[in-house]
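Remember, it's a predicted structure, so these values are computed and weren't measured experimentally.
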Amino acid sequence: MASTRMYSIPEKFRKIENLHILFWLIKDMSWAMLWKPLGILMIIPTLTVALLITWQTRKLKSELYHNLAVAFWIIANCYWMSVEFLEAPDYYRYFAAIPFTIGFLFIASYYIFIRPTEEKNQKTVTISIDVPEDTLHLSNT
């Protein structure tokens with residue numbers, strides 16, 4: 001049996017993540033409904049909370065790299081929304097590919113370089129336990 005470290009999200013972090021989802025939904029709904037002032041305003045809390053979540057999970061490489069990717073996704077998303085809202089020339093939206101690509105590079109670097117190293121360094125632990133026969137019988141019924 002391989003030993004794995006599971007990350008459980010502390011309650012205060014879970015509340016912040018749920019708040020982040022709410023902010024993100026309001027921002028994207030504002031974009032879809034063309035509510036320009038609200039959409040632009042929601043950039044600040046959405047991005048701030050994404051960066052806070054990234055900071056809070058910085059000690060866990062998997063969470064850090066995924067949250068960095070999310071932060072860059074939001075940056076790209078906010079830029080793209082702003083370009084549309086400000087009616088900038090259409091080719092400006094292509095610059096959103098830069099933060100999208102940076103986010104993708106964080107994910108790729110995690111899965112190509114970091115995770116294989118983590119798995120290689122993972123220790124295998126075997127535990128032997130004597131279980132009374134009547135306990136085994138109870139579990140099989």
Side-chain angles (χ1 to χ4, degrees), residues 1-133 135-141:
M1 172 189 312
S3 170
T4 58
R5 258 188 352 190
M6 295 301 292
Y7 171 62
S8 73
I9 299 170
E11 182 66 25
K12 67 179 183 175
F13 290 2
R14 173 57 71 196
K15 288 179 182 177
I16 292 169
E17 287 183 356
N18 290 342
L19 185 62
H20 181 241
I21 292 167
L22 175 65
F23 289 159
W24 199 343
L25 286 171
I26 293 170
K27 182 194 70 61
D28 279 1
M29 186 174 74
S30 298
W31 184 5
M33 301 303 294
L34 301 177
W35 299 335
K36 295 177 184 182
L38 182 59
I40 296 294
L41 180 68
M42 289 309 297
I43 289 172
I44 296 165
T46 306
L47 190 54
T48 300
V49 175
L51 295 173
L52 176 63
I53 291 167
T54 302
W55 177 256
Q56 290 174 332
T57 61
R58 70 191 178 279
K59 294 180 182 176
L60 299 165
K61 287 184 182 176
S62 172
E63 295 296 314
L64 173 64
Y65 278 72
H66 284 84
N67 287 326
L68 282 167
V70 168
F72 278 94
W73 177 6
I74 292 170
I75 290 167
N77 192 259
C78 291
Y79 171 79
W80 184 4
M81 178 185 72
S82 299
V83 165
E84 286 188 5
F85 278 175
L86 299 173
E87 299 176 14
D90 192 49
Y91 66 87
Y92 277 46
R93 71 184 169 95
Y94 295 114
F95 290 108
I98 295 169
F100 277 130
T101 301
I102 293 169
F104 177 76
L105 290 173
F106 275 113
I107 292 294
S109 65
Y110 175 75
Y111 283 101
I112 294 169
F113 302 110
I114 295 168
R115 186 167 182 192
T117 303
E118 288 176 339
E119 288 176 349
K120 185 177 81 174
N121 294 334
Q122 193 173 40
K123 306 255 189 266
T124 301
V125 176
T126 304
I127 300 173
S128 238
I129 302 173
D130 290 326
V131 179
E133 192 66 38
T135 304
L136 289 174
H137 177 67
L138 288 172
S139 68
N140 290 330
T141 58

remark   = Taking every heavy atom of A76 against every heavy atom of A96, the minimum-distance pair comes out as CB-O, 3.4 Å
query = If you round to the nearest 0.5 Å, how far is CG of L105 from CZ of F100?
reply = 13.5 Å
key: Approximate separation, where rounding is to 0.5 Å, of K27 NZ and L38 CG   = 10.5 Å
query = Do W35 and M42 come within less than 4.5 Å of each other through their side chains, counting heavy atoms only?
reply = no
key: Gap between atom SG of C78 and atom CG of L47 - 0.5 Å precision   = 6.0 Å
Those residues that, when tested against R58, pass salt bridge (charged side-chain N to carboxylate O under 4.0 Å, His left out) (two or more places apart) = none
query = Between Y111 and H66, is the ring centre distance below 6.0 Å?
reply = yes
query = Angle class for the H20/W24 ring planes (parallel below 30°, perpendicular above 60°, tilted otherwise)?
reply = tilted
key: Atom of M81, atom of G39 and distance for their closest heavy-atom approach   = CE-O, 3.1 Å
inquiry  = Does any part of the side chain of D28, heavy atoms only, come nearer than 4.5 Å to the side chain of N77, both counted from C-beta?
reply    = yes
request  = Looking only at non-hydrogen atoms, find the nearest pair between V83 and P89 and report the distance.
outcome  = CG1-O, 4.3 Å
ask   = How many angstroms lie between atom CD of E17 and atom CG of N67, to the nearest 0.5 angstrom?
value = 7.0 Å
ask   = Does a sphere of radius 6.0 Å around CD1 in I44 hold more than 12 heavy atoms from other residues, nucleotides or ligands, not counting ones at 6.0 Å or beyond?
value = no
key: Side chain to side chain, F72 and I75, heavy atoms closer than 4.5 Å   = yes
message = List the residues meeting salt bridge (charged side-chain N to carboxylate O under 4.0 Å, His left out) with K36, not counting sequence neighbours, and say none if there are none.
response = E87
message = Which heavy atom of T46 sits nearest to which heavy atom of I74, and what is that distance?
response = CG2-CG2, 4.0 Å
key: Under the salt bridge (charged side-chain N to carboxylate O under 4.0 Å, His left out) test, residues paired with E119 that sit two or more places apart   = R115
key: Between CD on residue Q56 and CG on residue L64, distance to nearest 0.5 Å   = 12.5 Å
query = How about F85: does its CZ atom have over 12 heavy atoms from other parts shown lying under 6.0 Å from it?
reply = yes
message = With heavy-atom distances below 4.5 Å as the criterion, would you say the side chains of L52 and T48 are in contact?
response = no
ask   = Do side-chain atoms of Y79 reach the backbone of A97 as a donor and acceptor pair under 3.5 angstrom?
value = no
task = Could you tell me the separation between the CZ atom of F104 and the OG atom of S109, rounded to the nearest 0.5 Å?
result = 10.0 Å
ask   = What is the ring orientation for W31 with W80, classed by angle as parallel under 30°, tilted 30 to 60°, or perpendicular over 60°?
value = perpendicular
